[in-house]
Structures are given as structure tokens and as C-alpha cells.
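Here's the structure we're looking at; comments come further down.
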Number of protein chains: 2
Amino acid sequence: MPTEEIKLQHILTIVELLSKGARNNFVEVTTTELGKRIGRSQQAASKHLLELETSGYIERVKRGQKFAVRVTGRGFTEIQNLSASLRASLESSPTAVVFEGNVISGMGEGAYYMSLEGYRLQFREKLGYEPYPGTLNVRLVDQLYMNARRELGMHQPSAFIDGFSDGTRTYGWVKCYRAKINDGSLIESAAVLVLERTHYDDSMLEVISPVSIKLAAGIKNGDKVKVRVELPSA
Amino acid sequence: MPTEEIKLQHILTIVELLSKGARNNFVEVTTTELGKRIGRSQQAASKHLLELETSGYIERVKRGQKFAVRVTGRGFTEIQNLSASLRASLESSPTAVVFEGNVISGMGEGAYYMSLEGYRLQFREKLGYEPYPGTLNVRLVDQLYMNARRELGMHQPSAFIDGFSDGTRTYGWVKCYRAKINDGSLIESAAVLVLERTHYDDSMLEVISPVSIKLAAGIKNGDKVKVRVELPSA
DNA sequence: ATTACTAGCTTCCGAGTAC
DNA sequence: TGTACTCGGAAGCTAGTAA
């Protein structure tokens with residue numbers, strides 16, 4: 001009984017066989033069709049089957065001109081193991097992303113928009129509070145954080161604030177992500193904002209909270225802060 | 001944004017990165033260590049990272065001499081898809097294995113053993129009945145079924161009959177698998193036996209039932225029968 | 001219609017090494 | 001220490017084709 005590891009290239013082939021029900025019963029398969037399904041040539045499929053057979057991952061029995069194929073227990077276990085390790089790695093994903101940056105004096109712009117009634121009412125309803133008028137602006141200190149910042153909006157937000165129109169102009173949506181400032185002990189219910197139409201680039205993080213973060217956490221402009229954004233789902 | 005498919009060889013690399021937590025945050029990784037973990041050389045790991053980066057599956061930021069690496073949403077999705085298709089193929093496994101063969105006249109041997117008290121009492125307790133004295137012997141008609149027969153004992157049996165000793169000699173265990181004869185309408189509670197010490201080869205199937213299968217199903221020697229063995233778990 | 005051999009091309013990998 | 005280049009060999013694939 002050969003003991004060699006299964007080859008990566010063979011995975012798709014076994015998966016295809018299993019999908020055809022070739023686990024406990026023999027199933028007739030042609031190499032042409034198999035090749036098509038795995039995106040390879042007929043010859044490649046033929047080679048796969050040969051190698052899988054000599055390695056003990058499948059069994060074949062000649063049926064006329066074709067073959068009937070069955071995945072052995074060994075082959076099945078191999079795919080199970082691989083599947084398990086994929087799942088494990090997917091589920092080991094951390095549920096938070098951490099940023100570091102320096103507090104800078106906000107231009108007051110973000111604060112102005114967030115205080116509009118169209119936003120304020122939604123904040124109250126969806127976050128449970130009206131933000132302190134004055135967002136905390138954090139300038140990220142490393143390219144690394146800016147890259148992470150860029151993909152932040154891809155994640156499921158903890159609250160989604162709809163855009164609206166006041167008759168004169170329209171205002172974009174806002175995604176809110178629950179966040180902790182520094183060790184999280186001084187500020188409750190902070191949230192990082194991702195705006196549909198932002199006036200900043202990826203190097204900036206805007207944080208809101210029911211109270212003034214600077215006062216409550218004793219932070220002043222130029223101080224370095226950690227912002228830990230919690231991601232609800234993967 | 002490149003649209004090429006992910007390469008099979010890169011899967012292990014991404015999985016390793018994910019296991020290191022490189023989903024939402026950047027993680028420092030050296031190519032030497034990465035190579036070791038995926039069973040490849042440092043150079044191979046380096047190439048993987050380069051290719052994964054240009055394909056948009058990961059992001060890297062130089063941190064001194066090393067790199068900090070993060071798996072992008074694109075890379076994550078790719079592994080998710082693969083994982084999903086693996087799972088799907090594993091779960092699509094049929095729950096029964098079907099045999100075809102001809103009924104032959106039993107030599108009475110199997111029937112004799114099964115009627116021993118050491119077996120009979122266990123059958124009553126674990127199957128709920130005492131088998132009709134006389135097992136149905138089915139000679140499999142195709143290599144295909146014999147191969148499947150060989151691995152039958154690997155599966156979880158619906159009942160396990162312990163071996164025993166009568167002071168003179170010892171008797172081996174018996175694994176029972178719930179089975180249906182032909183369309184299953186005439187025979188209830190049939191079971192296929194896998195014996196620790198069988199006197200047949202893989203071309204024979206021994207079936208028991210509370211009543212005489214031949215009489216109840218109107219089968220005579222030489223008739224072709226289908227035996228469908230139900231597998232409780234995968 | 002099948003499977004699978006051969007030849008040739010491409011890709012992948014490891015060793016050596018530059019930086 | 002690091003990364004990643006070049007180069008030679010191994011492995012994988014395709015096309016053509018035999019059986």
C-alpha cells in the first residue's frame with residue numbers, strides 16, 4: 001500500500017468523482033468528460049486516474065471500453081482532511097482589526113455632516129445614541145493600516161445609516177463599526193465610520209461616540225491611539 | 001484588477017497565512033518559515049507570495065526587511081468557495097451501496113454458526129430478532145461489486161455482534177448492515193453480514209432475515225437479486 | 001467510440017547567490 | 001538575518017496518435 005501524499009492537482013479530480021456519487025458505488029466515467037469538468041485535457045484526466053489508482057485513492061474496474069470508478073476510503077479521508085483544514089483556517093479568522101494612528105484636529109466637516117437631522121435620527125435609532133458633535137479624527141501611521149482601512153467597508157457593518165436628501169442635495173450612506181479606543185476601558189459604544197462620499201483618503205479614521213472621546217479618554221491632538229474595530233461576522 | 005483563477009499550489013500558502021490570522025490584520029511572515037510550513041523551499045514560498053500579490057489574493061507591506069502580509073477579501077472568498085465545493089462533494093456521498101448477484105445454495109455452514117447460542121442471543125438483543133436458520137448466499141456477478149464488498153466492513157455497522165468462546169474454540173465478531181432485497185417490499189429487516197473469520201471470499205454476500213428470504217420473496221437458487229446495503233453514517 | 005502512450009512545451013521547484 | 005533573481009532539472013499539461 002503506497003504511502004505517498006496526495007497531489008494537489010488530483011484534488012479537483014477526486015472532488016469531481018465524489019460529486020458523481022463515486023464514494024460507495026462504482027460510477028462510469030470517461031476521461032474526456034472528466035477532463036472537461038476539471039478544466040484539463042482528456043490525457044491529463046487519464047493520468048490523474050492512473051496515478052490516483054496506483055496511490056490507492058481510487059479503484060477502477062473495466063466496463064467494456066470505459067471504466068467504472070470508485071473513491072476508496074483512503075481517498076475519501078484525504079479530501080475530508082483537506083476540507084477540515086480549509087474550514088479551520090477560514091474559521092480562525094480574527095474578529096477584529098486593529099489600527100494605530102495619531103489624533104489630529106478635525107476640520108469640523110465630519111462633525112457638521114453627522115449632526116444633520118437626516119443622520120442624527122438614524123444614529124439614535126440604529127446605534128442607540130446621538131454622537132457627540134465632533135468626530136475623532138485619527139491619522140493612520142503606517143501603510144499597513146491604510147491598506148486595512150481600504151477594505152473596512154467590505155465588511156458587514158454593525159449599523160447602516162441610509163443616505164437621504166434634504167431637497168437641496170443628497171447625502172451618502174454611512175457604515176458604522178463598533179470600535180474600542182486604546183484598551184477600551186474609558187470609551188463605551190464608540191464606532192468607526194465608513195462614508196459613501198468621504199472627504200478623506202484611506203489614511204484617516206473617523207470615530208464617533210456618545211461623549212467627547214478626547215475629554216473622556218484624556219486624549220489630545222497628536223496623541224497616538226489604538227482603534228480596535230470589531231467585526232460582527234467573518 | 002487581474003481576473004485569473006487561483007492556482008492549486010497556492011492554496012496551501014493562503015491557508016497557512018489565514019491560520020496565522022492574516023485575514024483582517026497584517027501579519028509578519030518570513031518566506032523561510034512559510035516555506036517550511038507548506039513543505040516547500042524558501043524560494044517557492046517567495047514566488048507564491050509574489051504571484052498571490054500580483055493576482056490580488058494577498059497584500060504585502062514592507063516592514064523593515066520582512067513583509068507584513070494580509071489576505072484580501074478576494075483571496076478569502078476564493079478559499080471559501082473551494083472549501084464549500086469540497087464540503088458539497090463530501091456530503092453528496094450516497095448512503096447506500098448496491099450489489100447484484102445470483103442466489104446460490106448455501107452450504108449450511110453460515111447457517112450453522114449463526115444458530116449458535118453465543119450469536120443467537122446477541123442477534124435478538126441487537127437486531128431485535130433471531131435470524132431464520134439459513135443464510136441467503138449471494139454470489140456477486142461483477143468484479144465491481146466484489147471491490148465494493150471488500151470495503152464494506154470499513155463502514156459503521158448497524159449492529160456489532162461480539163465474538164465469544166464456548167470453551168472449545170473461539171468465534172469471531174460479526175458486523176451487521178441493514179439491507180433491502182430487490183425493491184425491498186417483500187423482506188423486512190434483512191441484514192448483510194461481515195464476518196471476522198469468513199469462509200468465503202469477497203464474491204459472496206451473506207444475508208439474514210427473521211424469515212426465510214427465499215420463501216418470502218419467492219426467490220430460488222440461481223435467481224438474480226439486488227441487495228441494497230444502507231450505510232448509517234458516511 | 002474508448003484509454004493511454006509519446007514528444008514537446010510550459011510551469012514549478014530547489015540550489016546558489018546577489019542584495 | 002531578510003527577499004528574490006537566475007538557472008537547471010523535475011513535474012504537469014497538451015497534441016498527436018496507437019490500440
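Letters go in sequence order (proteins before strands), and every chain restarts at 1. Note that the coordinates shown come from a computational prediction; the quantities given were computed from them, not determined experimentally. Quick note: numbers below take in every heavy atom, side chains included, and nothing from hydrogens, waters or symmetry partners.
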Do [X] and [Y] sit within salt-bridge range, that is, some charged N less than 4.0 Å from a carboxylate O?
| X | Y | result |
| --- | --- | --- |
| A:R74 | B:E151 | no |
| B:K7 | B:E5 | no |
| A:R37 | A:E33 | no |
| A:K175 | A:E196 | no |
| A:R60 | A:E28 | no |

Review point. Taking the nucleotide of DNA chain C with the closest heavy atom to each, which residue, B:A44 or A:E53, is nearer the 5' end?
Key: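 Looking at DNA chain C, the more 5' nearest nucleotide goes with A:E53.
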Check your understanding: Would you say B:R60 reaches D:dA4's phosphate, i.e. side-chain N/O to OP1/OP2 under 4.0 Å?
Key ->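 Result: yes.
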Point to revise | A:H48 vs D:dC13: side-chain N/O to OP1/OP2 distance below 4.0 Å | key: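 Affirmative; the distance criterion is met.
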Review point. Quick one: does B:I181's side chain get under 4.5 Å of B:K226's, heavy atoms only?
Key: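 Not in contact.
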Review point. Starting at the 5' end of DNA chain D, which residue's closest nucleotide do you reach first, A:Q65 or B:K62?
Key: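 Looking at the nearest nucleotide for each, B:K62 comes out on the 5' side.
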Nucleotide [N], atom [atom2] - distance to [atom1] of [X] in whole Å:
| X | N | atom1 | atom2 | value |
| --- | --- | --- | --- | --- |
| A:Q42 | D:dT17 | CD | P | 14 Å |
| B:E33 | D:dG2 | CD | C1' | 13 Å |
| B:E51 | D:dT3 | CD | P | 16 Å |
| A:K47 | D:dA15 | NZ | P | 16 Å |
| A:Q43 | D:dG16 | CD | P | 10 Å |
| B:R40 | D:dA4 | CZ | C1' | 18 Å |
| B:L52 | D:dT3 | CG | C1' | 16 Å |

Review point. What closest approach, in Å, do B:S93 and B:L90 show between heavy atoms, and which atom pair accounts for it?
Key: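 Closest heavy-atom pair between B:S93 and B:L90: OG-O, 3.0 Å.
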Check your understanding: Shortest non-hydrogen contact from A:A179 to A:V192?
Key ->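 Heavy atoms of A:A179 and A:V192 come nearest at CB-CG2, 3.7 Å.
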Practice item. Assign B:L50 to base, sugar-phosphate, or nothing according to its heavy-atom contacts below 4.0 angstrom with the strands shown. Key: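 The residue B:L50 makes sugar-phosphate contact but no base contact.
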Check your understanding: Contact class for B:T30 (heavy atom, under 4.0 Å): base, sugar-phosphate, or nothing?
Key ->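 Sugar-phosphate: the residue B:T30, judged by heavy atoms under 4.0 Å, touches backbone atoms but no base.
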Exercise for review: Determine, for A:F99 and A:R228, whether the Lys NZ or Arg CZ falls below 6.0 Å from the six-membered ring centre while staying within 45 degrees of the axis.
Suggested key: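 Pair A:R228/A:F99 does not count as cation-pi.
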Check your understanding: For DNA chain D, which residues in residues 6-15 of chain A have a heavy atom at a distance below 4.0 Å?
Key ->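 When residues 6-15 of chain A is checked for heavy atoms under 4.0 Å from DNA chain D, the hits, listed by number, are A:K7, A:Q9.
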**Study point:** Outermost DNA chain C nucleotides near chain A [under 4.0 Å, heavy atoms]
**Key:**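 Answer, 5' to 3': C:dA1 to C:dC5.
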